[in-house]
Asks: 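First, the structure itself, so that you have it in front of you.
When reading the values below, keep in mind they use all heavy atoms of this one structure, side chains included, and skip hydrogens, waters and symmetry mates.
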Amino acid sequence: MQEEIIDFFRNPALVFYMTLMLTVCVVNGSQQAGEVVETEFHAYRIHQYEISGNMYGSKNYRVSYEAVSLGARAIRRTTVTTWREVLKSNVDDLWELSTGAVLIFIPDNIDELNDVDRKAFIDLEQKLAKVKTDLAVYVAPYDDNASSVISDIQNRADNFPSAFQALLQSVSGNTISITSSDSIPELPANYKPYNIVGRLSSGERATPTIAFVAHYDTTSVIPGVSPGADSNGSGVVALLELLAVLSKFYDTPSTRPPYNLLFIWTAAGKLNFQGTRHWIEEFQKGVDAGHVVDSSSNERKVFLDDRIDLAICIESIGRNTGGLYMRAGKAPSENSAAAQLFRRLRNIAPKKNIELVSKKISLTSTSSWEHEKFNIKRMPAITLSTLPSPTDPARNSVLDLPSLLDEDELISNIRLIAEGVLGYILELPETGPSTDSRVTSEVSMLSKDAVDKQRVHHFIRQFASRPRPVGDRKATESIAANLASVASGYGQVFKSAVGFVDSKPFGVTQNRLVAERVKPAVFELVIAAGVFAYLSVFYFIATHSQKSIEGTVSVIRKSIF
């Protein structure tokens, strides 16, 4: 009997069983030591793009690090902070001190910011726009969950009066880990967005062409939350409404002007106007060969003798700034189409400040305006915009919201452009249909309701109210398909896939981040060390304490028998 009891304690299965049970109890106890918390954030990565071999923005999108407050000294961490704290800190130090990722909380409803906060937020955008970092940098709307996470992180950093307590907390205390979803695919190497081209034909050969051009993509330092309502949602809407208005003149041969009209919605405008560059190259090949190619069906469409008389690029015409700028690469000659259109616009709207701005085009830097791509290829083009400068912060801002659009001003500008172009292609007098001083009422080629207010409002909701970054493949494909569908109701529509030459977009504009309260990684090492020590002690007792076991068994036997 004594030998059987001793053999029982010597059995390796007993050692294994007791070790397993102890490990399970210790690990389970460590998990139950703190409250289990998991919070999910829908976060948006700051921009990442490449132009002329230079990479900008955040170069990573994966996150799996411990969350710490701004200025904390952890080895692998996600710095969690608010946008106001970033404004107070040195942004360069933020990227140098952080190893892993940065999560910045911004206002939940930026549409409600006051004027002071709007200016501060634009300052934040300008700071982030200059960032070049290998870190994954995200922003997320500030809500109750964000407040709780920031509070926990801050309390953990502040509640240790001594170094020993801080060390003890780092070993055994709870920490917050932030991880990202890795299921979001990057853009494939063969990704190509589409240009959408609508056409109204005069039906005659050797007739000149007027082209209306607007890029449909949007961007900002946080592209996933930037609807780009004015830049360039207003341009997209303007081209659709101009197509709808002017198509009525092309319904019957008797009313068709002796001009072809092209309406070109270009892709990747915010990436040095890649779609515009591509279309110009394709068009010039089409002119030389007598055709262009419809990329959606691979059919050759014959556009014989097309010649661009003027390309009118439209960007940001939806805000009431009291005026309109016509931008050109150089001052147009007196009899050129651009000069005639400029005079017509001023005559049609004498109370509106319409200014001609000419600026020499640089061939070595990125283009400031879309018309520059045409001018580089020696094609006449201008840009119409209400923005006073290409570096205006409103052009690439999260704050470019639909609520800031002035629909009446947008309608007024669309009507102005339509009347100016109609007067030119129908060869009406520049001073208007009548020069008789006794005629004081407004005289126009268009009826009062020709530019449909409800239709413009619908176009704004459909095309100028959602983010459209070129790095978001789903959003880009969706707007291209919708543009082609709407434009096909008024004229011929063709699609053309755009290749990237000197620029490159990157995907993952948004992601899902999960904040979870866990034990620090070093705590698992402490548990492992404890289990190892336990096994060592148990092994020593099992192999070197036979006499103690025999004595204990003898005592038990005497007490029983």
Side-chain angles (χ1 to χ4, degrees), residues 45-61 129 131-132 184-197 213-224 226 228 231-232 235-236 264-286 292-296 298 311 313 315 361-377 379 381 390 395-396 467-481 483-484 494-510:
R45 188 165 70 111
I46 71 169
H47 60 197
Q48 180 188 6
Y49 62 95
E50 180 181 336
I51 293 182
S52 301
N54 297 315
M55 188 77 73
Y56 298 89
S58 170
K59 301 178 185 179
N60 195 5
Y61 66 90
V131 170
K132 298 180 182 180
I184 301 177
E186 297 185 79
L187 290 177
N190 61 348
Y191 167 64
K192 291 183 178 182
Y194 281 98
N195 284 340
I196 307 299
V197 182
V213 187
H215 65 86
Y216 62 76
D217 61 308
T218 62
T219 192
S220 76
V221 71
I222 316 168
S226 303
S231 180
N232 193 26
V236 172
I264 310 165
W265 293 271
T266 59
K270 298 293 187 176
L271 280 180
N272 199 18
F273 303 104
Q274 293 296 295
T276 310
R277 173 203 55 77
H278 173 86
W279 184 87
I280 292 170
E281 293 176 356
E282 187 177 66
F283 179 80
Q284 289 182 330
K285 292 177 182 178
V292 296
V293 178
D294 178 3
S295 299
S296 61
N298 289 325
C313 304
E315 180 177 351
I361 298 172
S362 172
L363 300 179
T364 58
S365 60
T366 57
S367 299
S368 299
W369 300 99
E370 199 158 9
H371 72 270
E372 296 180 8
K373 292 299 183 186
F374 288 90
N375 292 162
I376 289 173
K377 296 294 185 178
M379 299 172 70
R395 194 181 186 192
N396 300 297
R468 307 175 298 279
V470 67
D472 187 335
R473 183 179 183 181
K474 183 179 294 185
T476 299
E477 291 177 347
S478 175
I479 187 174
L483 282 171
F494 312 99
K495 296 196 302 182
S496 178
V498 176
F500 299 97
V501 175
D502 58 351
S503 303
K504 180 180 179 182
F506 291 84
V508 192
T509 59
Q510 53 186 290

Asks: Hey, does the side chain of Arg468 reach the backbone of Tyr216 with a donor-acceptor pair shorter than 3.5 angstrom?
Replies: yes

Asks: Tell me whether Ser58 contacts the main-chain N or O of Asn60 through its side chain, where contact means a donor paired with an acceptor under 3.5 Å.
Replies: yes

Asks: Is the shortest side-chain heavy-atom distance between Phe500 and Val470 below 4.5 Å?
Replies: yes

Asks: Kindly give the heavy-atom pair with the smallest separation between Pro223 and Ser220, and that separation in Å.
Replies: CD-O, 3.5 Å

Asks: Could you check whether His215 and Thr276, counting side-chain N and O atoms only, form a donor-acceptor pair closer than 3.5 Å?
Replies: no

Asks: Is the backbone of Ser226 close enough, under 3.5 Å, to the side chain of Thr218 for a donor and an acceptor to pair up by distance?
Replies: yes

Asks: Using atom types as modelled and distance alone, determine if a side-chain donor or acceptor of Asn272 lies under 3.5 Å from a backbone N or O of Thr366.
Replies: no

Asks: For Asn396, enumerate each residue passing the side chain to side chain donor-acceptor pair (under 3.5 Å) test, keeping only those at least two apart in sequence or located in another chain.
Replies: Lys270

Asks: Run the salt bridge (charged side-chain N to carboxylate O under 4.0 Å, His left out) check on Lys285 and Glu281 step by step: do they pass?
Replies: CA-CA 6 Å; Lys285 292 177 182 178; Glu281 293 176 356; 5.6 Å; no

Asks: Taking C-beta and beyond as the side chain, do Val131 and His47 meet within less than 4.5 Å on heavy atoms?
Replies: no

Asks: List the atom pairs, donor and acceptor, that lie under 3.5 Å between side-chain atoms in residues 48-56 and the rest of the protein, sequence neighbours left out.
Replies:
residue: Gln48; atom: OE1; partner: Arg45; partner atom: NH1; Å: 2.8
residue: Gln48; atom: OE1; partner: Arg45; partner atom: NH2; Å: 3.0

Asks: Could you check whether Lys495 makes a cation-pi contact with Tyr194, meaning its NZ or CZ is under 6.0 Å from the centre of the six-membered ring and within 45° of the ring axis?
Replies: yes

Asks: For Asp502 versus Gln274, what's the shortest heavy-atom pair and its separation?
Replies: OD1-NE2, 2.6 Å

Asks: Do Pro467 and Asp472 touch side chain to side chain, with heavy atoms closer than 4.5 Å?
Replies: no

